[in-house]
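We use all heavy atoms of the structure for the numbers below, so side chains are in, but hydrogens, waters and symmetry mates are not. For reference, positions follow the sequence shown, starting with 1.
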Amino acid sequence: MRSKIYINIKILICVFFLNLHLQADELQINSSQIKIDKKTKTTILEGNVKAVDEKNNQIFTNYASYNKKLKLFKSTGATKIITSEGYTINGNDISFNNINKTITSNKQTKVIDKDGNEIFMNMFNYLTNKNMFFSKGDINIIDINKNEYNFSEIYIDE
């Protein structure tokens, strides 16, 4: 009898920890309207879309799609992101790959750091597990004193 109880407790503990791990890998997504595209097996999200990952990076947009199999969230149009470290990203057409733990865009983007410095870039990659930005191309920084700096490549460690 004791061995059955012991085995059942072990099974419950394993299921509990396995379930926590699975939930941590998923995005928490809210939206006003949700549609399923059965052909592409993609969820279409419209109106007040908010997605939050396990590190508390928050993505806000009005239109997005999410492919659960690929763990790929793509916004279309204006998108705002607040990183887990408090940086604000304003851009368009931003992708969040929850397998590679990256947020990327090839469109004009503005990043505002915690001190209020503004960084303008043509593209960016953000590694969510390392809290690090990378960009190359035309990069313009305007600090809080209105000084301007231009770069062709930048790494920002939050």
Side-chain angles (χ1 to χ4, degrees), residues 6-114 118-140 151-158:
Y6 182 70
I7 291 171
N8 286 338
I9 290 173
K10 277 181 137 179
I11 291 171
L12 284 174
I13 290 171
C14 289
V15 168
F16 178 73
F17 283 111
L18 179 64
N19 193 26
L20 282 179
H21 177 69
L22 291 175
Q23 289 176 353
D25 285 344
E26 293 296 322
L27 291 174
Q28 296 176 6
I29 302 173
N30 295 313
S31 176
S32 297
Q33 294 180 357
I34 298 173
K35 300 174 188 170
I36 305 293
D37 185 339
K38 291 181 182 179
K39 276 186 181 178
T40 61
K41 297 181 181 174
T42 302
T43 305
I44 308 299
L45 308 150
E46 292 184 64
N48 298 320
V49 179
K50 179 182 178 183
V52 181
D53 71 1
E54 70 271 7
K55 290 196 71 175
N56 201 32
N57 293 300
Q58 302 174 40
I59 303 169
F60 304 92
T61 188
N62 280 318
Y63 185 88
S65 63
Y66 181 64
N67 185 313
K68 187 172 182 171
K69 183 179 179 182
L70 300 176
K71 295 188 178 184
L72 184 62
F73 179 93
K74 288 185 177 183
S75 75
T76 302
T79 305
K80 178 179 179 178
I81 299 172
I82 300 173
T83 69
S84 60
E85 298 296 317
Y87 282 52
T88 302
I89 303 167
N90 292 303
N92 291 298
D93 304 340
I94 296 176
S95 296
F96 176 65
N97 185 321
N98 206 21
I99 293 174
N100 297 337
K101 306 296 183 197
T102 58
I103 299 174
T104 61
S105 178
N106 290 321
K107 303 280 178 125
Q108 186 68 35
T109 303
K110 176 181 174 182
V111 176
I112 303 170
D113 68 13
K114 290 193 271 186
E118 298 176 338
I119 305 142
F120 299 90
M121 50 189 91
N122 294 333
M123 60 76 65
F124 77 92
N125 289 320
Y126 176 67
L127 306 173
T128 62
N129 57 349
K130 295 183 180 181
N131 298 327
M132 183 173 285
F133 284 94
F134 164 75
S135 182
K136 64 181 178 179
D138 294 327
I139 301 159
N140 180 263
F151 299 95
S152 59
E153 190 171 298
I154 192 168
Y155 291 87
I156 303 169
D157 187 355
E158 289 183 308

The single option from Asn131, Thr104, Thr109, Thr102 that satisfies side chain to side chain donor-acceptor pair (under 3.5 Å) with Tyr126 is Asn131
Self-check item: Test item: Asn97 and Phe73 side chains (from C-beta on) under 4.5 Å apart, heavy atoms
Solution: no
Distance col, row Phe151:CZ vs Ile119:CD1, nearest 0.5 angstrom, shows 9.5 Å
Output for pair (Ile59 CD1, Thr61 OG1), nearest 0.5 Å, gives 9.5 Å
Residues Ile94 and Ser105: closest non-hydrogen pair is CG1-CB, 3.8 Å
One should read off an interatomic distance between Tyr87 OH and Ile112 CD1, to the nearest 0.5 angstrom, of 12.0 Å
Surrounding CG of Asn100 (heavy atoms of other residues, nucleotides or ligands, distance under 6.0 Å), is the total greater than 12? yes
Scanning both residues in full, the closest heavy-atom pair of Gly47 with Ser31 reads O-OG, 3.5 Å
- prompt: How about Asp138 and Asn140: do any of their side-chain heavy atoms sit closer than 4.5 Å?
  reply: no
Determine yes or no for a side-chain-to-main-chain donor-acceptor pair under 3.5 angstrom, with Asp53 supplying the side chain and Leu27 the backbone.
no
Output for pair (Lys130 NZ, Lys101 NZ), nearest 0.5 Å, gives 14.0 Å
To the nearest 0.5 Å, atom CG of Asp113 lies from atom CD of Glu118 at 9.5 Å
Closest non-hydrogen contact found for Ser84 with Asn57 is N-OD1, 2.8 Å
**Pairwise side-chain contact, Glu54 with Asn98, heavy-atom cut-off 4.5 Å (strictly under)** = yes
Closest non-hydrogen contact found for Ile44 with Ser65 is CD1-CB, 4.1 Å
On a heavy-atom basis, the closest approach of Ile29 and Ala51 is CG1-CB, 4.0 Å
* Minimum side-chain heavy-atom gap Gln108-Asn122 below 4.5 Å -> yes
Note: Ile89 and Thr83 closest approach over all heavy atoms is CD1-CG2, 3.9 Å
Exercise. Between Asn48 and Lys50, is any pair of side-chain heavy atoms under 4.5 Å apart?
Worked result: no
Next on the checklist: Within the 4.5 Å heavy-atom criterion, are Lys68 and Thr43 side-chain neighbours or not?
Outcome noted: no
Flag the pair Thr128 / Phe96 as yes when at least one side-chain heavy-atom distance between them is below 4.5 Å, and no otherwise. yes
Rounded to the nearest 0.5 Å, the CZ atom of Phe60 sits from the CD1 atom of Ile81 at a distance of 10.0 Å
| task | Using a 4.5 Å cut-off on heavy atoms from C-beta on, say whether the side chain of Thr40 contacts that of Asn67. | result | no
